[in-house]
2 protein chains.
Amino acid sequence: MAKTRWLDEQEMAAWTAFLEASHRVFRSVEQQLKEEAGLSHPQYEILVKLAAAGGAGLRMTELAESLITSKSGLTYQIGRLEERGLVVRGEVPGDIRGVTARLTDVGAAALRAAAPGHVARVREVLIDGLDRHQLTVLAEALGEVSDRLREHGA
Amino acid sequence: MAKTRWLDEQEMAAWTAFLEASHRVFRSVEQQLKEEAGLSHPQYEILVKLAAAGGAGLRMTELAESLITSKSGLTYQIGRLEERGLVVRGEVPGDIRGVTARLTDVGAAALRAAAPGHVARVREVLIDGLDRHQLTVLAEALGEVSDRLREHGA
DNA sequence: GGGGGGTGGTTCAAATTAAAACAACTACCC
DNA sequence: GGGTAGTTGTTTTAATTTGAACCACCCCCC
C-alpha cells in the first residue's frame with residue numbers, strides 16, 4: 001500500500017466546506033419543508049421525481065436509484081405517501097413483479113403548494129449567496145463528481 | 001407574498017448536482033468507513049474533532065454544534081464509542097452539569113488506523129477529480145454558505 | 001440569599017434508515 | 001422445455017436520529 005497522500009490546506013478546506021455546507025443546507029431545507037408543508041425532504045424529492053415522470057409513474061427500483069436511497073427505504077416512504085393519498089401504486093404491464101408509483105391529483109397539488117417555499121429556502125441558503133461564476137463551477141464540478149459515482153461507484 | 005422566483009437552468013443544475021453529489025459522496029464514504037474501520041461517518045467525525053481538541057477534550061454541547069447534530073444524537077454516539085473504549089467522558093471543573101468527551105489512546109489508535117483509507121476514499125470520490133480552480137471555488141463558495149448558515153440559520 | 005430565566009446533558013418515544021433474508025418471477029442458455 | 005442465475009419489491013430486524021420533556025444546576029439581579 002502506497003503512503004497516504006494527506007489533504008493539503010486547500011483540499012481540506014474544500015472537503016470540510018462540502019461537509020459542513022451539506023449538513024447545514026439539508027438541515028435547513030428539511031426544517032422548512034416539515035414546518036411549512038408537512039413533508040420530509042426525501043418525500044418531497046419523491047413527489048418531484050414522480051411529477052417529472054408524468055402519468056405513467058416510475059418503477060420502484062428506478063425511483064430508488066434516482067433518489068439514491070435503498071429499496072427498502074423507498075418501500076417505506078411510498079407506503080407513507082400512499083396512506084396520505086399523495087401517491088398510488090400500480091402494476092407494470094408485462095412484469096408481474098413490477099410496481100410503479102405515480103402521483104395522484106392530491107399529490108400534485110401538495111407538490112405545487114410546497115414548491116414555492118422550498119425554492120425560496122434553497123435560494124436563501126445556497127443559490128442567492130453565490131455569483132454566476134461560482135454557480136457554474138459548482139454545477140460543473142459536482143456534476144462531474146456525481147457522474148463518476150453514478151457510473152463507477154455502484 | 002411575492003411571486004416565486006423559480007430556478008433557472010443553471011441554478012437548477014447547481015442545486016441538483018449539489019444534492020446528488022452529497023448523497024453519493026456520503027454514501028460512499030460511509031460504506032468505506034464501515035467496511036474498513038468499523039466506524040460510521042458520524043463516529044469518525046467525532047474522533048477527528050476530539051483528536052483536534054487534544055487532551056482536554058470537548059464539552060458535549062460544543063461538540064454537538066461543531067458536528068451539526070442534535071445533543072441527543074451525540075449522547076447516543078458518545079455512549080456507543082465509550083462502550084468500545086474509544087472515548088471517555090470526564091467532568092468540567094467548575095460546572096457540575098458539564099460533561100467533556102475526550103479520546104482514549106485506543107480511540108486515537110483507531111483514528112490513525114482509519115484515516116488513510118478514509119482520506120483515500122475522499123480523494124477518490126471528490127478531491128482528485130477536480131482541478132485546482134474548481135477546488136478553490138468550491139471551498140470558497142461552500143465556505144461562505146456554511147458561514148452564513150452558521151451565523152444566521154441557528 | 002432567594003427567586004427567575006436560561007443552560008447542559010440525558011432520557012424517552014417515535015420516525016426513519018439500511019442491510020439481509022425472502023418469495024415470486026423473468027431471462028437466458030443449452 | 002428445464003434449470004439456473006439474476007431481478008423485483010417487501011418484510012424483518014437492528015441501528016440511528018431527532019425533538020420534546022425533564023432534572024439539575026449556573027448566573028444575576030433585586
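Within every chain, numbering begins at 1; the chains are lettered A, B, ... in the order of the sequence lines, protein sequences first and strands thereafter.
- Side-chain N or O atoms of B:Glu45 include none that pairs as donor or acceptor with a backbone N or O of B:Leu67 at under 3.5 Å.
- One can place CG of A:Leu63 at 10 Å from P of D:dG9, the figure rounded to the nearest angstrom.
- Summarising the hydrophobic clusters (Ile, Leu, Val, Met, Phe, Trp, Tyr; side-chain heavy atoms under 4.5 Å, direct or chained), the residues clustered with B:Val137 are A:Val137.
- Contacts of B:Arg121 classified as side-chain hydrogen bond (donor to acceptor under 3.5 Å, both in side chains), with partners at least two apart in sequence or in another chain: B:Ser28.
- Within the structure, the salt bridge (charged side-chain N to carboxylate O under 4.0 Å, His left out) test picks out no pair touching residues 60-71 of chain B (sequence neighbours left out).
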Would you tabulate the nitrogen or oxygen pairs shorter than 3.5 Å linking the protein to nucleotides 16-19 of chain D?
unit_1: D:dT16; atom_1: OP2; unit_2: B:Tyr76; atom_2: OH; d: 2.8
unit_1: D:dT17; atom_1: OP2; unit_2: B:Gln77; atom_2: NE2; d: 2.6
unit_1: D:dT18; atom_1: OP1; unit_2: A:Arg27; atom_2: NH2; d: 3.0
unit_1: D:dT18; atom_1: OP2; unit_2: B:Thr69; atom_2: OG1; d: 3.0
unit_1: D:dT18; atom_1: OP2; unit_2: B:Ser70; atom_2: OG; d: 3.0
unit_1: D:dG19; atom_1: N7; unit_2: B:Ser72; atom_2: OG; d: 3.1
unit_1: D:dG19; atom_1: O6; unit_2: B:Ser72; atom_2: OG; d: 2.9

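- When the C1' atom of C:dT11 is taken as reference, atom CD1 of B:Ile78 falls 17 Å away, rounded to whole Å.
- In terms of the side-chain hydrogen bond (donor to acceptor under 3.5 Å, both in side chains) criterion, residue partners of A:Glu11 (sequence neighbours excluded) are, by chain and number, B:Arg123, B:Arg132.
- Every residue two or more places apart in sequence or in another chain was checked for a side-chain hydrogen bond (donor to acceptor under 3.5 Å, both in side chains) with B:Arg112, and none qualifies.
- Atom CD of A:Glu62 is separated from atom P of D:dT7 by 15 Å (rounded to the nearest Å).
- The side chain of B:Arg89 contributes an N or O atom lying less than 4.0 Å from OP1 or OP2 of C:dT10.
- Screening residues 95-122 of chain B for ring-ring contact (aromatic ring centres under 6.0 Å, His included) gives B:His41-B:His118, B:Tyr44-B:His118 as the qualifying pairs, with residues at least two apart or on separate chains.
- One atom, CG of B:Asp95, and another, P of D:dC26, lie 6 Å apart when rounded to the nearest Å.
- When distances run from any side-chain atom of B:Arg59 to the nucleotides C:dG8, D:dG9, C:dT11, the shortest one goes to C:dG8.
- Applying side-chain contact (heavy atoms from CB on, under 4.5 Å) to A:Val88 and the options A:Val106, A:Thr104, A:Ile78 leaves one that passes, A:Thr104.
- For the side-chain hydrogen bond (donor to acceptor under 3.5 Å, both in side chains) test, no residue two or more places apart in sequence or in another chain qualifies with A:Asp105.
- Atom pair B:Met60:CE and C:dT11:P shows a separation of 10 Å (rounding to whole Å applied).
- Protein atom NE2 of B:His41 is 18 Å distant from nucleotide atom C1' of D:dA15, rounded to whole Å.
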Output a table of nitrogen or oxygen pairs between the protein and nucleotides 21-24 of chain C separated by less than 3.5 Å.
none

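- Rounded to whole angstrom, the span from the CD atom of A:Glu82 across to the P atom of D:dG9 amounts to 14 Å.
- Taking atom CD of residue A:Glu91 and atom C1' of nucleotide D:dG9, one finds them 14 Å apart after rounding to whole Å.
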